[in-house]
Trainee: 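Please see the structure below; I have some questions.
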Amino acid sequence: MVRLIFMVVGLLMLIGAVIGGLYFWGIDPLAKLGITAPMMNKEPAAPPPPPPVFVDFGLLIVPVIQDREVKKQAEMIVRLQVDPKDKEIVAKNLPRLQNAYLAEMITYLGLTVKEGQPLDVPAIRRRLTMTAEKTLGGVYVKDVAIENPNLK
């Protein structure tokens, strides 16, 4: 009886090794027999979202004016995330945005920059997004990406 159990276990291990070896070599033995695994996800996968579209604003240099003199200078590279359909509208209005951003940042940074503290990038992003909304008269700019913020 013990021999029979060992023979059955050995035979099952041999069959498992053969099936595993065939899978390793790229042959699906179960598919050749007509046995297929049921599909787990019957709905087609949603297409991935399109990559974000950016309009390069360029380098924004803002003088930090405190006590009626220029104390520091803030530099940052600004990119505007927009819908693909709004890219031309934003690109045509870049001079208006440059003027509005500079005016907003001179006022904001003059009040908030403290000695020895870095720039508050999330707050600047929110301010620039709101300024773009006011300047362009609608939500054309989804987000503002600020790269390399520097305070000299």
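Since the structure is predicted, the reported quantities are computational estimates derived from the model, not experimental observations.
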Trainee: Around atom CD of E75, are there more than 12 heavy atoms of other residues, nucleotides or ligands at under 6.0 Å?
Mentor: yes
Trainee: Is the backbone N or O of T135 less than 3.5 Å from a side-chain atom of R96, with the two atoms forming a donor-acceptor pair by type?
Mentor: yes
Trainee: Identify the heavy atoms of V64 and A74 that sit nearest to each other, and give their distance.
Mentor: CG2-N, 4.3 Å
Trainee: Calculate, to the nearest 0.5 Å, the distance between atoms CG and CD belonging to L151 and Q73 respectively.
Mentor: 9.5 Å
Trainee: Quick one: do L119 and I146 end up in the same hydrophobic cluster if we chain Ile, Leu, Val, Met, Phe, Trp and Tyr together by side-chain heavy atoms under 4.5 Å apart?
Mentor: yes
Trainee: To the nearest 0.5 angstrom, please state how far the CD1 atom of I65 sits from the CG atom of L109.
Mentor: 10.5 Å
Trainee: Can you see which heavy atom on M76 is nearest to which on P149, and at what distance?
Mentor: CB-CA, 4.2 Å
Trainee: On a heavy-atom basis, which atom in V90 and which in L80 lie closest, and how many Å separate them?
Mentor: CG1-CD1, 3.9 Å
Trainee: Would F57 end up clustered with I89 when hydrophobic side chains under 4.5 Å apart are linked, directly or stepwise?
Mentor: yes
Trainee: What about V121 and Y108, same hydrophobic cluster or not, with Ile/Leu/Val/Met/Phe/Trp/Tyr joined at side-chain heavy-atom distances under 4.5 Å?
Mentor: yes
Trainee: Drop me the distance from K72's NZ to N150's CG, to the nearest 0.5 angstrom.
Mentor: 10.5 Å
Trainee: Between Y101 (side chain only) and T131 (backbone N and O only), is there a donor and an acceptor less than 3.5 Å apart?
Mentor: no
Trainee: Give a yes or no on whether V141 and L102 share a hydrophobic cluster (residues Ile, Leu, Val, Met, Phe, Trp, Tyr; joining criterion: side-chain heavy atoms under 4.5 Å apart).
Mentor: yes
Trainee: Please evaluate residues L128 and M105 with respect to the criterion side-chain contact (heavy atoms from CB on, under 4.5 Å), reporting the C-alpha separation (whole Å), side-chain torsions for both, the decisive distance (0.1 Å), and the verdict.
Mentor: CA-CA 8 Å; L128 292 179; M105 286 295 102; 4.0 Å; yes
Trainee: How long is the straight-line distance from CD1 of I106 back to CD of E104, given to the nearest 0.5 Å?
Mentor: 10.5 Å
Trainee: Looking at every heavy atom in both A91 and V55, which two are closest together, and how far apart are they?
Mentor: CA-CG1, 4.4 Å
Trainee: Counting neighbours of CD on E115 that are heavy atoms of other residues, nucleotides or ligands and sit closer than 6.0 Å, is the number greater than 12?
Mentor: no
Trainee: Hey, any chance L12 and F6 share a hydrophobic cluster, counting ILVMFWY side chains that come within less than 4.5 Å of each other, even indirectly?
Mentor: no
Trainee: Which value, rounded to the nearest 0.5 Å, describes the distance between I77 atom CD1 and I61 atom CD1?
Mentor: 10.0 Å
Trainee: With rounding to the nearest 0.5 Å, note down the distance linking CG in L60 to CD in Q98.
Mentor: 8.5 Å
